[in-house]
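Chain letters run A, B, ... following the sequence lines, proteins first, then strands; residues in each count from 1. Every value quoted in this text rests on a predicted model; they were computed, and no experiment measured them.
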Protein chains: 2
Amino acid sequence: MLTQAEDRQAKIVELLRERNFVDIRTLTERFDISVATVRRDLGELEEAGLLRRTHGGAVNLNQVALDATNAARLVWKQTEKAAIAAVVAGMVVDGDTVLLDAGTTALEVAKKLTGRSRLTFISNGLDIVAELTRVDGQSIYSVGGEYTETNRSFRGPLAEQFIRQFNVDKLILNAASIDVDRGLICTVSPVNASVARAMIEVSRRVIVVADHSKFTKSSLSVVAKIEDVGVIVTDSGTKSIIDAAPEKLRKKFVIAN
Amino acid sequence: MLTQAEDRQAKIVELLRERNFVDIRTLTERFDISVATVRRDLGELEEAGLLRRTHGGAVNLNQVALDATNAARLVWKQTEKAAIAAVVAGMVVDGDTVLLDAGTTALEVAKKLTGRSRLTFISNGLDIVAELTRVDGQSIYSVGGEYTETNRSFRGPLAEQFIRQFNVDKLILNAASIDVDRGLICTVSPVNASVARAMIEVSRRVIVVADHSKFTKSSLSVVAKIEDVGVIVTDSGTKSIIDAAPEKLRKKFVIAN
DNA sequence: TGGGGAATGATCGAAAACGATCATTTTTGT
DNA sequence: ACAAAAATGATCGTTTTCGATCATTCCCCA
């Protein structure tokens with residue numbers, strides 16, 4: 001179980017991986033905490049070698065120095081995500097058309113797939129599209145729609161309609177939470193859920209990505225039943241939960257390490 | 001030919017791509033220049049969208065790596081473009097819906113408009129959308145479509161169809177070349193031209209932006225007649241060309257300085 | 001070679017961020 | 001339920017950085 005502070009610090013590191021830089025004001029507003037707390041957080045994270053402080057904020061490090069203290073726990077999630085991404089990347093074959101849902105785990109997948117040959121990418125995530133453009137000669141489609149700040153994605157009815165014009169091989173779908181008991185994959189808002197369902201409709205195979213933290217929280221809107229997706233790729237922290245699930249659902253899960 | 005300053009600025013961008021962050025002291029020592037010059041360099045490079053300044057230094061942006069000469073070229077003509085952008089920004093009133101065509105000049109306009117109240121933005125330019133997201137709470141729509149490397153935009157039939165669903169107040173249209181003799185606004189490819197025409201169709205007022213270099217070259221595809229657009233905003237380098245134009249066309253031009 | 005414009009450096013007060021300290025709130029363990 | 005411990009917020013003077021202005025140097029070209 002992560003404390004509130006650890007959770008916040010993990011989110012800071014995550015945020016930094018996307019943006020490369022965050023200023024202190026942004027952090028105080030996003031987490032609704034004082035500058036003193038932000039400074040303490042950044043101080044600890046710098047101490048742990050997870051970022052570098054600057055005047056007024058912090059920047060991402062390109063290489064993560066692994067340390068066996070509580071730094072390890074924070075890096076853990078990142079490592080897990082990379083592991084999940086590696087497994088998913090292995091499921092994609094040359095020539096595939098891949099639809100990437102906005103989200104940090106899907107972003108990791110994009111990083112792994114960038115440069116692979118003869119792939120076609122579609123995504124509604126701003127950072128994912130930007131990441132894909134780092135290598136020339138890729139075939140990339142961006143989903144149009146209304147920009148939303150929370151996960152830096154394009155969504156809404158325009159996005160849904162746009163997505164429905166495609167027919168893709170693989171969907172990499174982000175889940176905000178997974179309720180194994182009720183067999184449901186959920187997300188934070190009806191708008192997100194609606195876009196997600198459109199994505200599922202146009203995809204031959206649905207690959208859901210979710211690190212272990214997604215299994216112990218709940219979120220508002222139902223996206224799909226677990227039994228209706230192809231596979232859910234997660235990390236080893238979810239093992240006990242999956243073992244307790246009924247046989248029928250259990251075979252849907254793939255654990256990455 | 002690169003001047004010493006341009007060379008230095010290109011090196012700064014290069015350095016930033018390696019390290020993600022450089023502080024001002026490092027730069028003063030490496031290039032043996034004063035902090036004042038470093039600040040000026042960083043200021044210009046930020047204007048050009050090549051980095052983001054922080055207190056005490058600068059951070060890399062998540063974008064495609066531009067080679068050094070390309071970076072220097074972006075900084076070039078910055079003043080003209082900024083002047084054009086300022087004039088265009090003045091034409092936009094609060095509450096407007098603004099459609100921004102991909103291109104560096106339109107990007108300048110976006111920078112000027114970011115943070116203005118009650119505006120709604122639509123753009124097919126990746127960097128423009130990214131720029132707009134820097135301020136929270138804006139209403140932003142991204143045009144979906146196939147990504148193209150040349151001007152980092154989304155285009156093609158999907159983009160056209162997407163655009164046709166809107167009805168906007170002002171279009172900021174980028175021109176690859178303007179032929180005053182024949183009275184034509186042109187762009188580099190039929191695909192671009194087709195998207196541009198879709199944009200024109202859905203816009204109440206068309207504002208074309210073009211620095212003086214656009215008047216002495218020619219490009220493949222016709223977008224529109226000069227007489228059919230609302231206004232063309234350019235810089236003072238175009239004065240002699242415009243003075244030679246027939247009365248009817250001349251009144252279409254606005255010169256920024 | 002000398003004049004003029006651009007680039008650079010130096011200096012200043014103002015603004016921002018800093019770290020340290022202490023008060024307050026929240027969490028934890030018994 | 002209570003006390004100890006941890007986390008957080010507020011405030012202080014100090015340090016750093018900023019932007020603007022002006023002086024100086026460099027460079028181009030007539």
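For S218(A), there are no side chain to side chain donor-acceptor pair (under 3.5 Å) partners two or more places apart in sequence or in a different chain. S219(A) pairs by the side chain to side chain donor-acceptor pair (under 3.5 Å) definition with S177(A), not counting sequence neighbours. With sequence neighbours excluded, the residues satisfying salt bridge (Lys or Arg N to Asp or Glu O under 4.0 Å) with K239(B) are D243(B). When the salt bridge (Lys or Arg N to Asp or Glu O under 4.0 Å) test is applied to D32(B), no partner is found at least two apart in sequence or on another chain. Partners of R40(B) under the salt bridge (Lys or Arg N to Asp or Glu O under 4.0 Å) rule, at least two apart in sequence or in another chain, do not exist in this structure. For R205(B), the salt bridge (Lys or Arg N to Asp or Glu O under 4.0 Å) criterion is met by no residue, not counting sequence neighbours. Taking T54(B) as the reference, nothing meets the side chain to side chain donor-acceptor pair (under 3.5 Å) condition, with sequence neighbours excluded.
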Dump every N/O contact between nucleotides 4-6 of chain C and the protein below 3.5 Å, one line per pair.
none

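Within residues 52-59 of chain A, the residues having any heavy atom under 4.0 Å from DNA chain C are, by residue number, R53(A), T54(A), H55(A), G56(A). Proximity of residues 24-40 of chain B to DNA chain D (heavy atom under 4.0 angstrom from any strand atom) is restricted to I24(B), R39(B).
The backbone N or O of S34(B) sits nowhere less than 3.5 Å from a side-chain atom of T28(B) that would complete a donor-acceptor pair.
Across its full length, the helix from dT1(C)-dA30(D) to dT30(C)-dA1(D) shows an angle of 50° between the axes of its 5 terminal pairs at either end, rounded to 10 degrees.
Pairs engaging residues 91-107 of chain B under the salt bridge (charged side-chain N to carboxylate O under 4.0 Å, His left out) rule: D94(B)-R116(B), D96(B)-K170(B) [sequence neighbours left out].
Crowding of R250(B) atom CZ: a count of heavy atoms from other residues, nucleotides or ligands under 6.0 Å exceeding 12.
Residue I172(B) is tested with L107(B), I128(B), V109(B), T105(B) for a side chain to side chain contact (heavy atoms under 4.5 Å, CB included); the sole match is V109(B).
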